[in-house]
Amino acid sequence: MTSNRDAAAWSPQSGPLTTPWTDKVDPSQPHPDYPRPQLARDAWQNLNGLWEYVLQPQDAPRPSAFDGTILVPFPLESALSGVMRAADDNALWYRRNFTIPPDWQGQRVLLHFGAVDWETTVWVNGRELGSHRGGYDSFSFDITDALADVENQELVVRVWDPTDAGTQPLGKQRRVPERIWYTPITGIWQTVWLEPVPQVYITQVRMEPDIDAGTLRLQVQASAQNAVEVQAVAAADGQTVASVSGSAGEWLTLSIPDARLWSPETPFLYDLRITLSQQQTPGDTVQSYFGMRKIGLGTDAQGRTRIMLNNQPVFQY
């Protein structure tokens, strides 16, 4: 967590554009909300806040000293990062310490990144965990085996972003922004967090609503599929409307009678609670949600092809 002393030392740079929310950023807890509501667990630790940073040449080894602090998860070039510098051809290094709560003992610990632009390498206590390429998608590492028997654990992250000089897909970001081109985004720009999970845990949930059949097809992936049972319970306004049990990895079907359909006018969402069990022992539990809706093509009363929402044409500008 960011200390009060560190938070008091932070201030945003003077950027060319501001919003009504610029002055409301709290450096002790930026972006405090749980970042993945469709696969939510009760226990987690937000790592957003002030980290140490330094820019180094690409071929330079891990730095022994850092230049100052940067507010995560705001990119290097932004005013809210407190830095507002261009990375150019340099690699951006981050470092911070964290602690593991005592009640997490005996569980696996996952380190999640919401998004980092663009190539990321991660170390915990000097042990390299792996790398990821991609500026928009989330990624995770199981850091359990890298944790040390000390209070303060060390997290180091190296990021390199070629912006418009590489072969990766790119939009309108440019190292030299002008006219219609945008300022580059380099580094961590979505929430970083820790999460304890059981030895066997839920890794992915896929949902396919079918309003014509009045069902929701559900597939739950687990870190181990053998002999892992799934129970899913759907609820509306706190009342159970459907439940199903089966095996992890298989497609399961929940019957949703008289489904309340999702639309922009009535954006109703069902709650979904999913629990894993192995040999009759309950394990991982996550909260999720889904909407009963259908999007497709169809014909209107005049026989013209339209985009349809819940089997009704939607007017398009």
Side-chain angles (χ1 to χ4, degrees), residues 33-44 110 112 114 137-138 140 191 193 195 197-198 200-301 303-317:
D33 298 325
Y34 187 85
R36 193 189 53 203
Q38 278 203 307
L39 190 65
R41 296 182 176 93
D42 291 335
W44 70 294
L110 305 181
H112 301 286
D137 51 335
S138 60
S140 304
T191 293
W193 80 102
E195 191 171 48
V197 295
V200 179
Y201 58 93
I202 296 168
T203 58
Q204 185 182 45
V205 175
R206 298 179 62 189
M207 292 175 277
E208 296 180 357
D210 186 338
I211 68 169
D212 299 318
T215 61
L216 175 77
R217 295 183 71 232
L218 172 70
Q219 184 188 58
V220 179
Q221 299 286 354
S223 58
Q225 306 286 21
N226 295 337
V228 178
E229 296 297 313
V230 173
Q231 182 182 43
V233 178
D237 300 325
Q239 301 296 315
T240 298
V241 298
S243 63
V244 68
S245 298
S247 299
E250 295 182 350
W251 282 99
L252 310 175
T253 301
L254 291 94
S255 177
I256 312 295
D258 303 318
R260 296 166 65 175
L261 302 186
W262 182 97
S263 72
E265 294 77 22
T266 55
F268 180 79
L269 296 172
Y270 287 87
D271 295 316
L272 186 65
R273 181 181 178 89
I274 304 170
T275 303
L276 288 186
S277 61
Q278 196 169 28
Q279 298 177 345
Q280 308 297 318
T281 302
D284 195 18
T285 297
V286 300
Q287 300 286 345
S288 190
Y289 61 88
F290 64 93
M292 292 296 290
R293 60 97 180 96
K294 175 183 178 182
I295 299 173
L297 295 177
T299 55
D300 62 15
R304 293 171 293 197
T305 300
R306 300 291 190 191
I307 293 177
M308 312 289 278
L309 173 63
N310 299 335
N311 296 322
Q312 299 297 321
V314 179
F315 179 73
Q316 299 289 304
Y317 281 102

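Sequence positions, counted from 1, serve as the residue numbers for this chain. In this text the structure is predicted, and so the values were computed from the model without any measurement.
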[X] and [Y]: which non-hydrogen atoms are nearest, and at how many Å?
X: Gly283; Y: Pro198; result: C-CG, 4.0 Å
X: Ala224; Y: Val200; result: O-CG1, 3.8 Å
X: Met292; Y: Thr215; result: CE-O, 3.4 Å
X: Ile211; Y: Arg293; result: CG2-N, 3.6 Å
X: Leu254; Y: Ala234; result: CD2-CB, 4.0 Å
X: Met308; Y: Val314; result: C-CG2, 4.3 Å

Nearest 0.5 Å, what's the [atom1]-[atom2] distance between [X] and [Y]?
X: Ser247; Y: Leu252; atom1: OG; atom2: CG; result: 8.0 Å
X: Asp271; Y: Thr240; atom1: CG; atom2: OG1; result: 10.0 Å
X: Thr253; Y: Glu208; atom1: OG1; atom2: CD; result: 10.0 Å
X: Thr203; Y: Leu39; atom1: OG1; atom2: CG; result: 8.5 Å
X: Thr285; Y: Gln231; atom1: OG1; atom2: CD; result: 9.5 Å

Scan Tyr34, Tyr201, Trp44 and name whichever one has a side-chain hydrogen bond (donor to acceptor under 3.5 Å, both in side chains) with Glu195.
Tyr34
For Glu250, enumerate each residue passing the side chain to side chain donor-acceptor pair (under 3.5 Å) test, keeping only those at least two apart in sequence or located in another chain.
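Side chain to side chain donor-acceptor pair (under 3.5 Å) check on Glu250 returns nothing, list empty.
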Quick one: list whatever passes side chain to side chain donor-acceptor pair (under 3.5 Å) with Thr191, sequence neighbours left out.
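Testing Thr191 for side chain to side chain donor-acceptor pair (under 3.5 Å), a comparison that skips the adjacent residues, returns Asn48.
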Take Arg217 and Asp210 through the side chain to side chain contact (heavy atoms under 4.5 Å, CB included) test and state the conclusion after the steps.
CA-CA 8 Å; Arg217 295 183 71 232; Asp210 186 338; over 6 Å; no
For Leu272, is there any backbone N or O sitting under 3.5 Å from a side-chain donor or acceptor partner on Ser288?
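The answer is no, because no donor-acceptor pair under 3.5 Å joins these two groups.
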Given 3.5 Å as the limit, does a donor-acceptor pair link the side chain of Asp284 with the main chain of Leu276, or not?
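Not at all, since once roles are kept as given, no pair shorter than 3.5 Å links the two residues.
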According to side-chain contact (heavy atoms from CB on, under 4.5 Å), who are the partners of [X], at least two apart in sequence or on a separate chain?
X: Gln204; answer: Arg206, Gln221
X: Arg304; answer: Asp300, Gln302, Arg306
X: Leu269; answer: Trp262, Tyr289

Are [X] and [Y] side-chain neighbours, meaning at least one heavy-atom pair lies under 4.5 Å?
X: Val241; Y: Arg260; value: no
X: Val205; Y: Gln38; value: no
X: Ile307; Y: Leu297; value: yes

Working note: Ile202 + Val230, criterion side chain to side chain contact (heavy atoms under 4.5 Å, CB included); need CA distance, chi angles, decisive distance, verdict.
CA-CA 10 Å; Ile202 296 168; Val230 173; over 6 Å; no
Does Asp42 have more than 12 heavy atoms from other residues, nucleotides or ligands lying within 6.0 Å of its CG?
no
Is it the case that over 12 heavy atoms from other parts of the model lie below 6.0 angstrom from the CZ atom of Arg273?
no
Applying ring-ring contact (aromatic ring centres under 6.0 Å, His included), can you list everything that pairs with Phe290, at least two apart in sequence or on another chain?
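Residues passing ring-ring contact (aromatic ring centres under 6.0 Å, His included) with Phe290: Tyr270.
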